[in-house]
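Have a look at the structure below before the remarks.
Atom set for the values below is all heavy atoms of this structure, side chains included, hydrogens, waters and symmetry mates excluded. Naming convention: chains lettered A, B, ... in sequence-line order (proteins, then strands); numbering from 1 in each chain.
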Amino acid sequence: MKHTISILVENHPGVLSRVSGLFSRRGFNIDSLAVGITDDPTVSRITIVVNGNEYTVEQVEKQLNKLIDVIKLKTLESASAISRELILVKISANASERADIMSITKLMGAKICDITRNTMMIEFSDTTENIETMLELVRPYGIIEVVRTGTIAAQKGNDSITTKK
Amino acid sequence: MNNNTTESKSNTKNEAKKSSGGKISVAQAMIKCLEAENITTIFGYPGAAICPFYDYLTDSKIKHILVRHEQSAGHAASGFARATGKPAVCVATSGPGATNLITSLATAYMDSIPVVAITGQVSTEILGSDAFQEADITGAVEPFIKHSFLVKEPKDIAKIFKMAFYIAGSGRPGPVLIDVPFDVQKAMINFEYPQDIDIRSYKPSTKGHPMQIKRIISAIAEAKKPLICTGGGVILCNAKRELREFARITNIPVVSTMMGIGTMPSDSPLYYGMIGMHGNKAANTAVKECDLLIIVGARVADRAIPSPKAVEKTAKIIHIDIDPAEIGKNMQADIPVVGDAKIILTQLLEKVETGDHSEWIKSINDVKASIKPDTEAREGTVNPKEFIKLLSNAMPDNSIVVADVGQNQIWSANNYQIKNGKFMTTGGMGTMGYSLAAAMGAKAALPDTPVVAICGDGSFQMQFMELATMVGNGIPVKMVVMVNNRLGMVHELQKNLYKSNYSGVFLDGSPDFSVLASAYSIPARRITSLSQAKSAIDEMIASETAFLLECIVDSDESSL
């Protein structure tokens with residue numbers, strides 16, 4: 001079972017290696033990891049998708065909390081959170097295929113961000129499932145390369161994870 | 001790890017002093033930080049990258065003890081910290097100096113000992129270029145350290161020291177490393193040591209939740225066969241008195257993990273000794289048969305409770321620990337309580353009532369009575385178990401005994417009759433070569449307390465370079481070396497589990513330890529029978545200097 005954990009950490013060097021090192025050391029499997037600065041420049045937010053049972057997730061939470069740099073963390077319920085990945089996919093596309101590909105992108109709510117005589121690059125941000133669908137739809141044209149970020153997620157409504165009091 | 005690139009004193013310190021304008025160097029600030037933390041003694045080994053720090057050390061009252069290997073600096077700091085209950089300091093240079101510290105830091109980490117390690121690092125402008133004696137020490141120690149700092153901003157030094165000492169000594173204690181590049185040590189700063197520290201991401205909880213305290217009280221009231229399992233955490237938070245009182249009032253029998261030895265006096269009628277793989281039958285039976293297990297400051301490690309799932313089935317589990325990550329890690333707790341054992345026991349003492357568990361106690365006593373102690377005399381050798389008992393009878397009540405790793409550790413753990421002193425050993429990591437340096441650290445901390453180290457001929461040869469440190473600094477540690485010319489614990493394992501296929505366990509080529517001691521001007525005595533033990537022990541205790549007592553033990557001696 002996949003769990004999404006949001007972690008607020010001190011924004012200084014070495015923190016990411018402490019967090020990722022902990023996962024490999026304790027034998028936890030990371031599906032994806034995304035990190036970026038928050039509106040407070042001293043704080044970064046890491047989103048980790050981890051695969052495991054409840055015991056594993058509890059252990060992950062507790063071990064992460066022991067890291068001095070970890071300010072706060074929360075495992076997000078999938079039903080009450082919005083999660084997104086960003087993907088850049090480059091496909092072979094000649095003039096005769098362009099219209100079809102454009103209709104797929106339009107249908108999926110994606111964007112063409114680069115185009116040449118024989119390639120197209122699609123930019124798409126959505127849930128993991130929709131990204132998979134998108135990849136399946138464009139696969140027949142010939143995928144040249146795929147670049148994908150880790151999942152980021154935030155709670156719906158008034159709930160938030162911040163350092164603000 | 002010296003080399004000859006150190007700059008002369010007149011070039012560095014005086015120039016710095018001249019042009020200071022109220023500012024001081026980071027190196028000098030580091031010394032001032034240690035003084036502000038009331039550090040009186042540090043254990044270290046200099047080298048080029050830590051020389052600015054050493055340059056100012058001579059201006060301070062802080063005593064530096066030059067060990068003979070950086071690993072011993074870490075172990076000695078560990079012994080010092082365990083003796084005083086406060087963070088202690090070890091110092092090494094960059095590269096190999098720092099990497100030599102790693103085993104001692106990992107050892108301190110596993111046993112939750114507050115050690116602050118200071119290492120020199122190559123200058124920031126060449127950091128990451130594989131410079132001479134460069135090692136990424138903060139990266140290397142990451143898996144076995146509570147926290148580490150690589151100081152890049154000179155002005156941060158005081159805050160970092162304050163944080164390091166606070167983190168090392170608070171919550172679940174542990175080692176912290178501060179890596180200071182050469183150029184940072186030489187930078188000039190305005191120095192002020194912070195009074196308080198607030199780390200937003202580090203707030204260890206101390207008080208037990210009142211609701212959980214209530215639940216413990218009623219669980220005790222309902223239990224027919226309650227049992228307390230005390231661990232190293234009780235000693236770390238200085239809750240020995242509270243635990244003894246708790247056991248006395250409730251009449252609940254007590255067993256101990258190896259790290260918890262010393263919590264209860266060995267002669268207490270409520271105490272049944274050590275549990276686990278090398279524990280005794282009465283203590284292990286008690287764990288198996290209890291219906292309520294109250295674990296205090298212990299982490300239910302595999303050597304202590306090999307089958308936690310079985311215990312979960314037969315007993316209700318109360319787990320008290322300051323580290324929430326230890327609760328539920330190896331054993332599911334019915335009543336988890338996060339906090340400082342001293343505070344929680346005090347909370348409990350306000351509410352507990354006298355209990356009567358005489359029937360339950362009688363049943364454990366029956367098991368205890370069925371254990372036949374191995375008192376047999378052995379021709380031409382010393383029965384080590386009987387020897388340890390004699391030793392503990394002769395040592396003053398407040399003595400510190402430091403056991404190394406191997407059979408000597410098990411003989412000591414099970415047979416040393418502890419009263420009000422301390423038992424120190426590396427329970428988690430099982431690091432051979434711990435005892436001499438740790439004993440030295442403890443003795444340096446408490447010069448008036450008798451300190452004895454017990455090791456084997458294997459572990460002795462991993463650390464005997466420290467005899468020079470003891471002699472050179474006048475630290476009179478008493479040493480017992482159990483000699484059987486083999487790695488006894490592995491030998492025993494191979495005998496029992498590998499059909500006596502002895503592989504790599506014979507210590508051929510070992511020196512005559514008494515002659516070796518005399519090369520360091522340390523008096524020594526060798527005994528080959530228990531009848532010689534009493535006078536030899538008396539001679540050792542009476543000795544004003546360090547002393548080495550060599551006990552020849554049988555090669556087929558078992559741990560238990």
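Of the two parts of A/R25, only the side chain, counted from C-beta on, holds a non-hydrogen atom closer than 4.5 Å to a non-hydrogen atom of chain B.
The most heavy-atom pairs under 4.5 Å with chain A, out of B/G139, B/G171, B/S148, come from B/S148. The choice from A/K66, A/R18, A/K72 that makes the most heavy-atom pairs within less than 4.5 Å of chain B is A/R18.
Counting heavy atoms of neighbouring residues, nucleotides and ligands inside a 6.0 Å radius, atom NZ of A/K156 exceeds 12 of them. In the displayed structure, A/R84 atom CZ is contacted under 6.0 Å by more than 12 heavy atoms of other residues, nucleotides or ligands. The environment of A/M108 atom CE is dense: over 12 non-hydrogen atoms of other residues, nucleotides or ligands sit within 6.0 angstrom. Within a 6.0 Å radius of CD in A/E77, no more than 12 heavy atoms belonging to other residues, nucleotides or ligands are found. The 12-atom threshold is not exceeded at NZ of B/K313, counting heavy atoms of other residues, nucleotides or ligands nearer than 6.0 Å.
In this model, a donor atom of one side chain and an acceptor atom of the other lie less than 3.5 Å apart for A/T42 and B/R200.
Residue B/I327 holds its CD1 atom at 6.5 Å from NZ of A/K62, rounded to the nearest 0.5 Å. Between A/H12 atom NE2 and B/K152 atom NZ the span is 12.0 Å, to the nearest 0.5 Å. Residue B/I199 holds its CD1 atom at 11.5 Å from CD1 of A/I71, rounded to the nearest 0.5 Å. Separating the NE2 atom in B/H147 from the CG atom in A/D69 is a distance of 4.5 Å, to the nearest 0.5 Å. In this structure, OH in B/Y166 is found 9.5 Å from CD1 in A/I68, a value given to the nearest 0.5 Å. Summarising the geometry, atom CD belonging to A/Q63 is positioned 7.0 Å from atom CD belonging to B/E326; distances are rounded to the nearest 0.5 Å.
Scanning all heavy atoms of the two residues, the minimum distance from A/Q59 to B/A325 falls at NE2-O, 3.5 Å. For the residue pair B/K329 and A/Y55, the shortest heavy atom distance occurs at O-OH, 2.5 Å.
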